[in-house]
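This one's a predicted model, so the numbers in the text were calculated from it and none came from an experiment. Side chains are part of it too, since the values below use all heavy atoms of this structure and drop only hydrogens, waters and symmetry mates. Within every chain, numbering begins at 1; the chains are lettered A, B, ... in the order of the sequence lines, protein sequences first and strands thereafter.
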Amino acid sequence: MRYNEKELRALSQQPAEMAAELSMRGPKKGSVAKRRLVKLVVNFLFYFRTDEAEPLGALLLERCRVSQEEPGGFSISEWLPPSPPSRPGCFLPGHKNLFDGPRAAQGFIEDPERKYYFECCTQEQCQEWMEALRRASYEYMRCSLIFYRNEIQKMTGKDPLEQFGISEEARFQLSSLPRDRRAACVGTQLDELD
Amino acid sequence: MKLNKRSVAHYALSDSPADHMGFLRTWGGPGAPPTPSGTGRRCWFVLKGNLLFSFESREGQAPLSLVVLEGCTVELAEAPVPEEFAFAIHFDAPGVRPHLLAADGQEAQEAWVKALSRASFSYMRLVVRELESQLQDARRSLALHRCTSQKASASCRKPQAPDSRSPGLENGHFLPRDCSPVGTVEGVGYRPVGWDLPEWELQGPTGLLLGRGQSPVSPETSCFSTLHDWYGQEILKLRQGWQQRAQGKQPGCKRQDKP
């Protein structure tokens, strides 16, 4: 898969939502923890040598799992489908939830070889990072948007996106989510919020 | 620079929604001449969120290329072949050539330009924040409405929510200041003490906005305490009137200062 490094590098120089020097360990066997500047920019996590402007690498944060690791650390596991990948528009059975949590574990196969470990200075910093990383996916944003749109429509009877002329936009429709995830998306947030 | 390619490729093929797809002609690729010529190569393109993937065919099982649609603009362009419905993705980065693509027809071209120019994460985040703030307004006015209708007071008016409509949501451009973390969906649970509205009105999504303070859409009302005071004046007045009536001193509710 081709991609332009210069484009990604330019993205890595954008203002970060979170940035800190953390101890980071890659997924390769026998790899040791190293001090890295870690930067969260949109749905990518960039990591740099602490004295270099050029990023060493980037992790796409869609469909990743962020977990607490003892002590004062967290990990990011890459998502792998439980069965051979299907085409866009289909969905994998058992993959019910966009959000990290017990239910999201269904259909998620963790590959110990694709796990990145991070160590924070404090437990507080660790929580902050985990929160930010869990929200840093386009799918999470889409789900939030659909939730808010439905809530506002229920309360006011009006579509809040109409005034901007974007109510027809495919990416803002509930139907843009796979059927099994629609209820999960709105349902989860309702559970949490009401 | 490394990228977790395997994971990216899995995401490209996963069940997550595709925001747009179709065949496009492309002139990029390894060994492509600096100036595109010829008819290009026809590939299947899938837009997922802020990621544009290309495949050999509709059934392709491995993405050929990835473009991350952040910090770029999409414009109509001239194709090397006449009568092509071309457009280009431009990046504002040194040494980065635009991606030249062409659709089969004008309709497809327009649909692609529209979808691509609204694809950035930052744009999505801006819309989410806008709706967050609208929901907060709606909840507040509902709370107030219930409060006033219970007291059946004609002089109680609904508050006008501060104007927080942000321009430019329709064109996909976002403001560079939009870089602070979004309000938490879980809520941080910050609630002022001594707020006398029924508790249920203040729980749930109203708590969403209170976490991070900064609103990208209405900076002048971004501070919760300002909003709180602003809405609070109304509540205090109502409460005062209600208490007075409850004590049987002022059956008229408000306007007591007028002769």
Side-chain angles (χ1 to χ4, degrees), chain A residues 1-11 14-15 17-18 42-43 54-60 62-63 78-81 85-92 95 114 131-132 135 138-139 141-142 144-145 148-149 151-152 155-156 160 163-166 169-171 176-178 189 192-194, chain B residues 1-11 13-21 29-30 46 48-50 59 61-68 70-71 91-93 95-96 115 118 121-122 124-125 127-128 131-132 134-135 138-139 142 165 169-170 179-182 184-187 204-205:
Chain A
M1 184 180 62
R2 278 183 295 111
Y3 61 94
N4 189 331
E5 285 207 5
K6 285 179 190 159
E7 290 167 14
L8 272 187
R9 192 188 310 142
L11 183 59
Q14 293 298 307
E17 267 153 69
M18 298 271 287
V42 295
N43 47 353
E54 185 84 10
L56 282 171
L59 300 175
L60 174 68
E62 299 295 331
R63 300 283 185 102
E78 295 187 40
W79 180 84
L80 293 175
S86 57
R87 292 299 309 158
C90 309
F91 56 87
L92 302 167
H95 196 85
R114 308 307 302 169
E131 274 307 307
R135 286 197 302 268
Y138 200 94
E139 292 206 27
M141 281 294 180
R142 188 201 302 275
S144 305
L145 187 146
Y148 289 131
R149 187 183 186 187
E151 285 296 289
I152 293 169
M155 289 180 83
T156 66
Q163 60 183 311
F164 305 116
I166 51 178
E169 184 75 24
R171 70 186 65 227
S176 72
L177 292 176
Q189 292 212 355
E192 279 172 12
L193 299 171
D194 286 341
Chain B
M1 186 190 350
K2 279 191 255 176
L3 176 67
N4 54 342
K5 277 193 198 173
R6 201 159 65 124
S7 195
V8 175
H10 281 308
Y11 176 65
L13 294 162
S14 73
D15 64 324
S16 71
D19 293 306
H20 205 71
M21 46 184 142
V46 176
K48 274 195 175 195
N50 57 350
E59 291 75 35
Q61 285 296 307
L64 296 174
S65 71
L66 162 72
V67 179
V68 182
E70 295 291 333
F91 281 87
D92 184 22
V96 177
R118 287 176 186 169
F121 190 90
S122 319
M124 187 59 149
R125 183 161 50 196
V127 180
V128 169
L131 294 199
E132 263 177 5
Q134 282 194 29
L135 184 60
R139 293 225 169 197
L142 182 70
R165 305 286 84 73
L169 275 183
E170 62 289 329
C179 58
S180 59
V182 72
T184 76
V185 171
E186 290 80 10

Looking only at heavy atoms, which two atoms of [X] and [Y] are closest? And how far apart?
X	Y	value
B:Phe121	A:Tyr138	CE1-N, 3.5 Å
A:Pro160	B:Gln134	CB-OE1, 3.1 Å
A:Tyr3	B:Lys5	CE2-CE, 3.4 Å
A:Gly57	B:Met1	CA-CG, 3.6 Å
A:Glu139	B:Ser16	OE2-CB, 2.6 Å
B:Val67	A:Glu7	CG1-OE1, 3.9 Å

Please report the interatomic distance [atom1]([X]) to [atom2]([Y]), rounded to the nearest 0.5 Å.
X	Y	atom1	atom2	value
A:Ile152	B:Arg139	CD1	CZ	10.0 Å
A:Glu151	B:Glu132	CD	CD	12.5 Å
B:Ser122	A:Gln14	OG	CD	8.0 Å

Worksheet entry | Intermediate values then yes/no, side-chain contact (heavy atoms from CB on, under 4.5 Å), B:Asp19 and A:Arg142 | CA-CA 11 Å; B:Asp19 293 306; A:Arg142 188 201 302 275; 2.8 Å; yes
Practice prompt. For the pair B:Asp15 and A:Arg63, evaluate side-chain contact (heavy atoms from CB on, under 4.5 Å) and give the outcome as yes or no after the intermediate values.
Written response: CA-CA 11 Å; B:Asp15 64 324; A:Arg63 300 283 185 102; 2.6 Å; yes
Fill in: Selection from A:Leu8, A:Thr156, A:Asn43 maximising heavy-atom pairs under 4.5 Å formed with chain B
A:Asn43
Discussion item. Is A:Leu11 close to chain B through its backbone or its side chain, or both, or neither, when contacts mean heavy atoms under 4.5 Å?
Written reply: side chain
Worksheet item: Non-hydrogen atoms of chain B under 4.5 Å away: do they reach the side chain of A:Met155, the backbone, both or neither?
Response: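 Answer is side chain: those atoms of A:Met155 sit under 4.5 Å from chain B.
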Worksheet item: Stepwise, does the side-chain contact (heavy atoms from CB on, under 4.5 Å) test hold for A:Leu145 with B:Met124?
Response: CA-CA 8 Å; A:Leu145 187 146; B:Met124 187 59 149; 3.8 Å; yes
Practice prompt. Identify, with sequence neighbours excluded, every residue that meets side chain to side chain contact (heavy atoms under 4.5 Å, CB included) alongside A:Lys6.
Written response: A:Asn4, A:Arg9, B:Val96
